[in-house]
Amino acid sequence: MTELWAHSVSDAGHRHALSDHLRDTAVLAGGFAEVFGARGLAAYLGLVHDVGKGGCAWQEGLLRAETAGGRVVDAHGLSIDHKAAGTWLAARKAGLGFFGMPVLGHHGGLPDTQDLKRCLAMAETDDLQRMQEAITRVSALVPEIVAGPMPELPGWVKSAGDAHAVELLVRMVFSALVDADFLDTARHFTGGQRRAPESLATMGEAFEQARTSYLAKAQANPTPVDGIRAEVYDQAVHAALQPRGIFPFPAPTGAGKTIAAGGFAVHHAAQHGLRRVIIAVPYMSITEQNAKVYRILFGDANVLEHHSSVDLHRLPAAMRWQRLAAENWDAPVIVTTTVQLFQSLFDRRPSAMRKVHRLAGSVIVLDEVQSLPDSMLLPILSALRHLTEYFGTSVLLASATQPAFFDLDIFRDLKVGQVIAQPQPLYDRLRRVRYTWQCDPKPTFQKIATEAARESQVLLIVNTTGEAAKLHEALAAAWKHDGQVLHLSTRMAGAHRREVLEMVRARLDDDLPVAVVSTQLVEAGVDLDFPVVYRAMAPAEALQQAAGRSNRNGRLAEGKVIVFDPADGSAKGTQLVYGAALDTSRAYIGPGKRDPDDLAALRTYYKARYAVKNVEGSGAGKRIQDRRADLDFPVVAQQFKMIDEQTVPVLVRYGDDTERDDLRDRLRRPGRIEPWVFRRIQPYLATMPTRLAQQAVTEGLATELLGDLYEWLGTYHPHRGIQFAYPKPEDYNR
């Protein structure tokens with residue numbers, strides 16, 4: 001052959017030349033990695049990743065596959081490895097050692113060191129002849145795979161002496177490689193071209209103009225706290241001029257953190273030439289709310305909202321590559337969830353990790369950062385530190401209940417940027433509620449419902465979906481005002497929750513009676529303003545976040561927050577949700593103690609909580625860090641869980657039947673699924689614990705649709721969403 005092929009005939013009737021694919025992938029991967037000083041390394045991995053395809057057996061298999069269809073196999077129907085040759089070239093010929101792992105894993109996922117050793121041992125013994133044949137044939141067309149200067153590692157690798165920083169570099173170059181490979185392959189088959197995203201360097205002025213217009217509309221209904229919000233914004237923009245690093249951003253609920261964080265991010269990016277802003281929030285409801293604001297401020301075309309909850313890891317391997325639908329975050333502004341962000345970062349699969357290299361040279365805004373799980377803090381904070389130290393990233397940690405991260409060893413001696421110079425006076429000025437406590441004796445849900453029904457506008461937040469259903473039913477029976485008692489939980493479709501929130505806001509704006517029973521998904525960042533809030537006993541940060549839904553705009557002399565400890569609540573379910581955090585909170589916060597918005601008490605509470613849980617010395621986070629140091633990528637991916645109880649998305653019968661059914665049919669079709677399908681289907685998805693979804697399948701109430709996406713066939717309650725016969729109290733979660 002005078003030419004070797006990488007991929008079969010495209011729709012345009014052309015095969016993909018292997019030499020073109022290797023060189024084009026190398027250019028893309030090198031460009032992606034330039035921001036963290038690894039252009040040469042990533043480019044070489046791109047250059048050699050598919051060298052194994054040059055072997056006679058693979059080329060013959062490709063031609064057979066073109067004719068007969070199916071996968072590339074040998075004459076006996078067996079799979080033909082094409083990764084070993086490139087892995088050997090990277091690890092041995094170029095002397096990159098374990099940086100050959102991205103090549104070995106560029107289809108199946110990052111391996112562990114034993115997988116790498118087995119691959120190299122086999123390549124140098126049983127498969128030596130086949131490997132040498134492929135290298136010889138490809139080097140005749142692409143001589144640079146064996147000739148010329150070999151790539152060098154970034155200079156900091158040897159001086160850093162930190163195994164976790166090096167592990168993160170392996171992840172970054174793997175991400176650059178698989179994204180480049182996917183893009184070049186897609187370009188061959190579809191002819192699509194990458195759109196160059198707009199630069200953040202010139203976006204600051206447009207952001208300020210959009211903010212001025214946005215606030216001018218809000219001035220039609222001014223609030224007493226508008227002046228404080230302006231002060232917070234000014235401090236955030238001034239802080240953006242500081243050097244890159246990690247910036248805690250403590251500000252009370254209702255202080256305008258969403259807009260201020262965007263202002264910090266765009267001006268900080270312009271100041272330091274950073275490439276994108278990545279904003280991560282804990283809940284889907286806040287993602288949608290914040291994305292709406294950021295589209296106005298940054299421009300609709302510049303904002304990518306990505307929070308697909310559908311995971312394709314359960315697809316057969318033969319289907320996975322062509323059905324990759326994960327966005328690669330090639331946009332100036334990304335709005336996503338913390339689950340999506342960190343599960344991707346610590347994953348090992350190409351589909352999940354395509355986007356990871358985009359974290360380098362970016363501003364990462366972690367909104368409601370108190371929601372990060374204690375069990376995963378050690379690997380998360382380790383990665384954030386190394387992103388700022390070695391990958392040109394800045395991180396903004398925004399929260400009204402700022403965790404005591406900087407008292408942990410992992411952040412010890414870290415240079416910290418200041419956004420709010422004096423937080424406590426700001427909290428004192430924005431104190432808008434009075435706490436009362438109903439903890440001894442403990443009230444029943446019926447008593448709370450009867451009491452709350454006397455209020456004309458009231459929000460009640462509980463800890464589990466079971467409690468929400470129970471309290472909603474009791475309050476609906478006791479309610480004597482106009483309008484229905486509303487409900488919010490993740491058992492409801494995204495569109496259903498959004499419509500309820502819009503109804504709530506409209507009734508509040510018109511000063512009409514309204515009552516809402518919700519799980520905690522409503523308390524962090526959701527823009528609601530009730531005169532009275534009831535909150536079931538919870539950790540300090542949850543109590544303060546709930547209080548942020550009362551008198552949010554300061555129009556009342558004082559809002560009311562009633563914290564109650566329900567006598568008939570789900571103690572086991574609440575313990576599953578909060579664990580030791582609730583017990584530690586009781587020791588420092590509550591009747592006869594401090595209020596949740598006392599920053600000194602809050603810091604003491606966090607330090608005690610981290611000590612009780614020993615978040616740095618034991619547990620899942622410590623085990624993950626040990627495996628990261630050993631480059632055991634499969635075990636890290638298996639053990640890293642942002643959510644203790646795994647949940648799955650469930651397609652429900654709510655909303656536009658025609659659109660929903662069309663989207664479902666598109667998911668069932670063979671071949672590639674466009675990313676917009678996953679974005680468009682989000683409003684029709686609720687969530688359930690995995691084990692309950694599986695139980696529902698056995699009972700004929702649900703069916704598996706795609707990957708870990710289920711379709712609900714049972715009853716969908718008009719107020720509470722998915723209805724299911726939960727066998728135990730702990731089966732209720734948020």
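One-based numbering along the sequence shown.
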Problem set entry | 4.5 Å side-chain heavy-atom contact, Val369 and Pro403 | yes
For this session: Using only heavy-atom distances, determine whether the side chains of Arg535 and Asn463 contain a donor-acceptor pair under 3.5 Å.
Result: yes
Exercise. So, Tyr606 and Gln402: side-chain donor and acceptor under 3.5 Å apart, yes or no?
Worked result: no
Exercise. Can you find a pair of side-chain heavy atoms, one from Met492 and one from Tyr716, that are under 4.5 Å apart?
Worked result: yes
Exercise. Under 3.5 Å, side chain of Asp661 to main-chain N/O of Thr658, donor-acceptor pair present?
Worked result: no
Problem set entry | Note, Met642 side chain near Leu372 side chain (heavy atom, < 4.5 Å) | yes
Exercise. So, for Pro443 and Asp565, which heavy atoms are closest and what is the spacing to 0.1 Å?
Worked result: CD-O, 3.4 Å
For this session: Establish, from distance only, whether the side-chain atoms of Arg609 and Tyr605 form a donor-acceptor pair under 3.5 Å.
Result: yes
Exercise. Do Gln438 and Glu451 meet the criterion of a side-chain donor-acceptor pair at a distance under 3.5 Å?
Worked result: yes
For this session: Take the angle between the ring planes of Phe445 and Phe564 and call it parallel below 30°, perpendicular above 60°, tilted in between.
Result: perpendicular
For this session: Drop me the distance from Ser585's OG to Leu543's CG, to the nearest 0.5 angstrom.
Result: 5.5 Å
Problem set entry | Side-chain heavy atoms of Thr287 within contact of Glu305, under 4.5 Å | yes
For this session: Take Ile562 and Trp437, measure what side-chain contact (heavy atoms from CB on, under 4.5 Å) needs, and give me the verdict at the end.
Result: CA-CA 6 Å; Ile562 299 96; Trp437 306 83; over 6 Å; no
Problem set entry | Exercise: identify the closest heavy-atom pair between Ala239 and Val419 | CB-CA, 3.8 Å
Exercise. Thr715 side chain to His717 main-chain N or O, any donor-acceptor pair under 3.5 Å?
Worked result: no
Exercise. Do Arg555 side-chain atoms and Asn551 backbone N/O form a donor-acceptor pair below 3.5 Å?
Worked result: no
Exercise. Taking Glu467 for the side chain and Ser570 for the main chain, is one N or O donor matched with an acceptor at less than 3.5 Å?
Worked result: yes
Exercise. Is the His487-His719 ring centre distance short of 6.0 angstrom?
Worked result: no
Exercise. Taking atom CD of Glu473 as the centre, does the number of heavy atoms from other residues, nucleotides or ligands within less than 6.0 Å exceed 12?
Worked result: no
Problem set entry | Ionic contact status for Glu502 with Arg507, cut-off 4.0 Å | no
Exercise. Hey, mind stepping through Leu341 and Ile364 against side-chain contact (heavy atoms from CB on, under 4.5 Å) and telling me if it holds?
Worked result: CA-CA 10 Å; Leu341 172 62; Ile364 300 175; 4.2 Å; yes
For this session: Compute whether any side-chain donor of one residue and acceptor of the other, for Ser456 and His481, lie under 3.5 angstrom apart.
Result: no
For this session: Mind checking the CZ-CZ spacing from Arg666 to Arg680? Nearest 0.5 Å is all I need.
Result: 8.5 Å
Exercise. Should the ring pair Phe298 and Tyr294 be called parallel, tilted or perpendicular, given that the plane angle runs from 0 to 90° and is split at 30 and 60?
Worked result: tilted
Problem set entry | Short side-chain donor-acceptor distance under 3.5 Å, Ser399 and Gln370 | yes
Exercise. Is the number of heavy atoms from other residues, nucleotides or ligands under 6.0 Å of Arg594 CZ greater than 12?
Worked result: no
Exercise. For Lys470 and Asp568, what are the C-alpha separation, side-chain angles and deciding distance, and is it a salt bridge (Lys or Arg N to Asp or Glu O under 4.0 Å)?
Worked result: CA-CA 10 Å; Lys470 186 175 183 177; Asp568 49 349; 3.4 Å; yes
Problem set entry | Test log, rule side-chain hydrogen bond (donor to acceptor under 3.5 Å, both in side chains), inputs Arg295 and Asn290 | CA-CA 9 Å; Arg295 285 195 188 96; Asn290 289 7; over 6 Å; no
Exercise. Does any non-hydrogen side-chain atom of Tyr654 lie less than 4.5 Å from one of Trp712?
Worked result: no
Exercise. Counting distance only, does the side-chain N/O of Gln457 pair as donor-acceptor with the main-chain N or O of Leu512 below 3.5 Å?
Worked result: yes
Problem set entry | Side-chain heavy-atom pair Thr687, Val648 within 4.5 angstrom cut-off | no
For this session: Without swapping roles, check the side chain of Asp598 against the backbone of Ala601 for a donor-acceptor pair under 3.5 Å.
Result: yes
Exercise. Taking atom CZ of Arg276 and atom CG of Asn302, what is their separation to the nearest 0.5 Å?
Worked result: 12.0 Å
Problem set entry | Heavy-atom closest contact (Ala540 atom, Leu602 atom, distance) | CB-CD1, 3.9 Å
Exercise. Leu528 versus Leu501: any side-chain heavy-atom pair under 4.5 Å?
Worked result: yes
Problem set entry | Among Lys257, Lys292, Arg552, the one residue meeting salt bridge (charged side-chain N to carboxylate O under 4.0 Å, His left out) with Asp527 | Arg552
For this session: Run the numbers on Tyr214 and Thr212 for side-chain contact (heavy atoms from CB on, under 4.5 Å), then give the verdict.
Result: CA-CA 5 Å; Tyr214 180 80; Thr212 299; over 6 Å; no
Exercise. Got more than 12 heavy atoms from elsewhere within 6.0 Å of CZ, Arg603?
Worked result: no
Exercise. Hey, what do you get for CZ (Phe530) to CG (Leu459), rounding to the nearest 0.5 Å?
Worked result: 5.0 Å
For this session: Please report the closest heavy-atom contact between Lys641 and Met376, naming both atoms and the distance.
Result: O-CG, 3.3 Å
Exercise. Just checking, is any N or O donor in the side chain of Lys355 or Ser344 under 3.5 Å from an acceptor N or O on the other one?
Worked result: yes
Seminar exercise, completed: For Leu304 and Ala331 the tightest heavy-atom approach is CB-CB, 4.0 Å
Seminar exercise, completed: Only one of Arg432, Arg434, Arg431 passes salt bridge (charged side-chain N to carboxylate O under 4.0 Å, His left out) with Asp597, and that residue is Arg431
Exercise. With a 4.5 Å limit on heavy-atom distance, are the side chains of Arg660 and Arg664 in contact?
Worked result: no
Exercise. Where the side chain of Trp329 meets the backbone of Val333, is there a donor-acceptor pair that is under 3.5 Å apart?
Worked result: no
Problem set entry | Atom pair CG/CZ of Leu426 and Arg429 - distance to nearest 0.5 Å | 6.5 Å
Exercise. For the side chain of Ser213 and the backbone of Gln209, is there at least one donor-acceptor N/O pair under 3.5 Å apart?
Worked result: yes
For this session: Kindly determine whether Val561 and Thr436 satisfy side-chain contact (heavy atoms from CB on, under 4.5 Å), including the steps that lead there.
Result: CA-CA 6 Å; Val561 177; Thr436 59; over 6 Å; no
Problem set entry | Exercise: identify the closest heavy-atom pair between Ala449 and Ala478 | O-CB, 4.1 Å
Exercise. Any chance the rings of Phe249 and Phe264 have centres within less than 6.0 Å?
Worked result: no
Problem set entry | Spacing of CZ belonging to Arg229 relative to CD1 belonging to Ile259, to within rounding of 0.5 Å | 8.5 Å
